[in-house]
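Scroll down for the structure; my scribbles are underneath it.
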Amino acid sequence: LTVDDTVLVSKALFGEYAEHLHELVVDKYSRRPFLYLLNGLDGRFFSPSVQKELKHYIELSQETSKKPNDQKKKELLDKISPAFYKSITDHTTEILSENIGSQFIGEVFLNNAPISDDKREEAISALIETFKGDFEEEEHPINKAFSVRLLKSLIQGGKWDAKTKTLIKLDVPGIGSDFATRFYEEVIGDNLEKWIENKDTSFIVVSIFESIDDKNAQFFKDLKKIKKDVKKASQEDNKGAQLLVKLAGF
């Protein structure tokens, strides 16, 4: 007997847990089914022993399922993706407050989980909104190292390949140059000097410099205006500022 298990799974699991997704994705174990749909048995999330066991069950499932495993994954991801983006839109602060929640947000965007353009835009806008305000306040999300990593990946628009030690650029709507431009205009803006003087956030500015395609963008004009301040910051053991001086040719 074979069954269309994607329909059964989506109804039994996603229907019941979709509204609690923001709680599930910040738990080490309950997030794994969703990460699997996004990125397969990625070694960052599944140990070799767990991978081996799951692969065994995947092989067994081929005898009882109508569909190949990759097709099932795609169909399930299509069904759950709207809940991913809705959770990010509605519960950005909660998800972003945890390292593994930040990882999840990155995986959703970088793996281009399927969704309509307007829903993706809503989630990106909610994320950017979270980073507005005075980053010198202790509770600001930028003061968490994992938030900096997330922003860099979205601004750079790619995934880091540990084997080749290179950034693999991704063609995903809303990230990369577009995200870098929006983040600068909506979050940093008049506080560019402050972001460069801070040793952590200066690397965000470096990523923006490297990512914005339009060299006539406001960011580059503003950067030139504070050339002296950037050079001064680079003399304060600020590696981000030092790299910025080198990239900008100051």
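What you see is a predicted model, and the numbers here were worked out from it, not measured in a lab.
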May I have all residue pairs that pass salt bridge (Lys or Arg N to Asp or Glu O under 4.0 Å) and include part of residues 140-150, sequence neighbours excluded? none
Among residues two or more places apart or on two chains, list those pairs meeting salt bridge (Lys or Arg N to Asp or Glu O under 4.0 Å) that have a residue in residues 170-182. Glu121-Arg182, Arg182-Glu186
Count I, L, V, M, F, W, Y as connected when their side-chain heavy atoms are under 4.5 Å apart, and connections chain through other members. Are [X] and [Y] then in the same cluster?
X	Y	result
Trp160	Val172	no
Phe203	Ile208	no
Val148	Phe183	yes
Ile100	Leu127	no
Ile142	Phe109	yes

Beyond-backbone contact of [X] with [Y], side-chain heavy atoms, under 4.5 angstrom:
X	Y	result
Phe179	Ile128	yes
Leu77	Pro114	yes
Lys152	Ile204	yes
Tyr85	Glu122	no
Ile88	Val108	yes

Return all side-chain donor-acceptor pairs below 3.5 angstrom for residues 193-200, not counting sequence neighbours, or 'none' if the list is empty.
unit_1, atom_1, unit_2, atom_2, d
Asn198, OD1, Asp200, N, 2.8
Asn198, OD1, Thr201, N, 3.0
Asn198, OD1, Thr201, OG1, 3.4

What residues form a side-chain contact (heavy atoms from CB on, under 4.5 Å) with [X], not counting sequence neighbours?
X	answer
Glu129	Lys132
Lys74	Asp78
His20	Glu23
Lys246	none

Got a sec, which residues hit salt bridge (charged side-chain N to carboxylate O under 4.0 Å, His left out) with Lys86, two or more places apart in sequence or on another chain? Asp90
Those residues at least two apart in sequence (or on a different chain) that pass side-chain hydrogen bond (donor to acceptor under 3.5 Å, both in side chains) with Ser202 are Asn238
Apply the hydrophobic cluster definition, ILVMFWY joined by side-chain contacts under 4.5 Å directly or through others, and give me every member besides Phe146. none
Counting only heavy atoms not in Asp190 (residues, nucleotides, ligands), do more than 12 fall under 6.0 Å from its CG? no
Show me the side-chain donor-acceptor pairs of residues 33-44 shorter than 3.5 Å, one per line, residues at least two apart or across chains.
unit_1, atom_1, unit_2, atom_2, d
Tyr36, OH, Asn69, ND2, 3.0
Asn39, OD1, Lys159, NZ, 3.4
Asn39, ND2, Asp42, OD2, 2.8
Asn39, ND2, Glu107, OE1, 3.0
Asp42, OD1, Arg44, N, 2.8
Asp42, OD1, Arg44, NE, 3.1
Asp42, OD2, Arg44, NE, 3.2
Asp42, OD2, Arg44, NH2, 2.9
Arg44, NH1, Glu107, OE2, 3.1
Arg44, NH2, Glu107, OE1, 3.4
Arg44, NH2, Glu107, OE2, 3.0

Side-chain donor/acceptor pairs under 3.5 Å, residues 220-230, sequence neighbours excluded:
unit_1, atom_1, unit_2, atom_2, d
Asp222, OD1, Gln218, NE2, 2.7
Asp222, OD2, Tyr184, OH, 2.5

